[in-house]
Structure formats: structure tokens, C-alpha cells
Amino acid sequence: MSWSDLLRRGTADPTLTFARMKWTQPGKFVWVASRNSVMAPTGEQYPLCTTVYFKDADDVVKPYYPSMDGMTETGQ
């Protein structure tokens, strides 16, 4: 699956999770979070962009910024 496929599928179904074939530690995966909004200190609401999140093997979640290798990897 290409990076574009992941983004399309994950945006269409936010319950899907994905993992790279080369991640050998169990528990690592990414998902595409639905678009949301955030309240600024001024009280105004602003839209957030769709974000891909990464859960690492230590159960820490952070935005996922794939390397060029990650974006160009293809597989099943």
C-alpha cells in the first residue's frame, strides 16, 4: 500500500490502523484522525487539519511524520 492509499483509506474509515512491514516491535501502528477543531485562549474555535498519529511500542502517541522511505514504501 502506498502512502497515498493509506491517507485515502484512513480518511474514509478512521477505525483502520496501519503498520509498516519493517516495524518489528509489536504495538506500533498509525491511524488517520478525523478532522476536528480546537479552542484558542481567546475562546474562538479553529479547525484542525486531518492528522496521522503514531502509537509507539511504549504506548506514546504523537503526530506521525514519515521519512521519505516511509512515504515511498509499497507492500501488501
Side-chain angles (χ1 to χ4, degrees):
M1 175 183 306
S2 71
W3 178 246
S4 295
D5 290 337
L6 179 145
L7 294 175
R8 275 193 291 278
R9 290 183 185 185
T11 300
D13 185 353
T15 65
L16 295 176
T17 61
F18 306 88
R20 291 187 64 194
M21 291 171 45
K22 67 190 303 183
W23 290 344
T24 57
Q25 290 178 301
K28 290 182 173 184
F29 62 88
V30 298
W31 73 95
V32 181
S34 299
R35 195 174 160 138
N36 211 335
S37 64
V38 64
M39 184 181 294
T42 60
E44 296 173 283
Q45 292 278 92
Y46 293 99
L48 292 171
C49 63
T50 300
T51 305
V52 178
Y53 286 105
F54 170 68
K55 189 202 82 66
D56 68 18
D58 295 326
D59 292 335
V60 175
V61 174
K62 54 193 144 227
Y64 182 57
Y65 303 104
S67 63
M68 185 57 75
D69 179 53
M71 288 191 292
T72 58
E73 178 180 60
T74 58
Q76 305 303 330

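Closest heavy-atom contact between Gln45 and Ser37: NE2-OG, 3.2 Å. Smallest separation of non-hydrogen atoms from Tyr46 and Ala40: CE1-CB, 3.6 Å. Pairing each heavy atom of Thr51 with each of Pro63, the nearest pair is CG2-CB, 4.3 Å.
Leu6 and Leu16 fall within the same hydrophobic cluster, defined by Ile, Leu, Val, Met, Phe, Trp and Tyr side-chain heavy atoms under 4.5 Å apart, directly or through other members. Using a 4.5 Å cut-off between side-chain heavy atoms of Ile, Leu, Val, Met, Phe, Trp and Tyr, with links allowed through other members, Val30 and Trp3 fall into the same hydrophobic cluster.
Here the straight-line distance linking atom NZ of Lys28 with atom CG of Asp58 works out to 9.0 Å at 0.5 Å rounding. Rounded to the nearest 0.5 angstrom, Leu48 CG and Ser34 OG are separated by 11.5 Å.
Classification of Asp13 and Arg9 as a salt-bridged pair fails, no side-chain N sitting under 4.0 Å from a carboxylate O.
Side chains of Asp56 and Gln25 form no contact here, defined as non-hydrogen atoms less than 4.5 Å apart.
Between Lys55 and the choices Val60, Thr17, Val61, the side-chain contact (heavy atoms from CB on, under 4.5 Å) rule is met once, by Val61. The ring pair (Phe, Tyr, Trp, His ring centres under 6.0 Å) with Phe54 is formed by just one residue from the set Phe18, Trp31, Trp23; it is Trp23.
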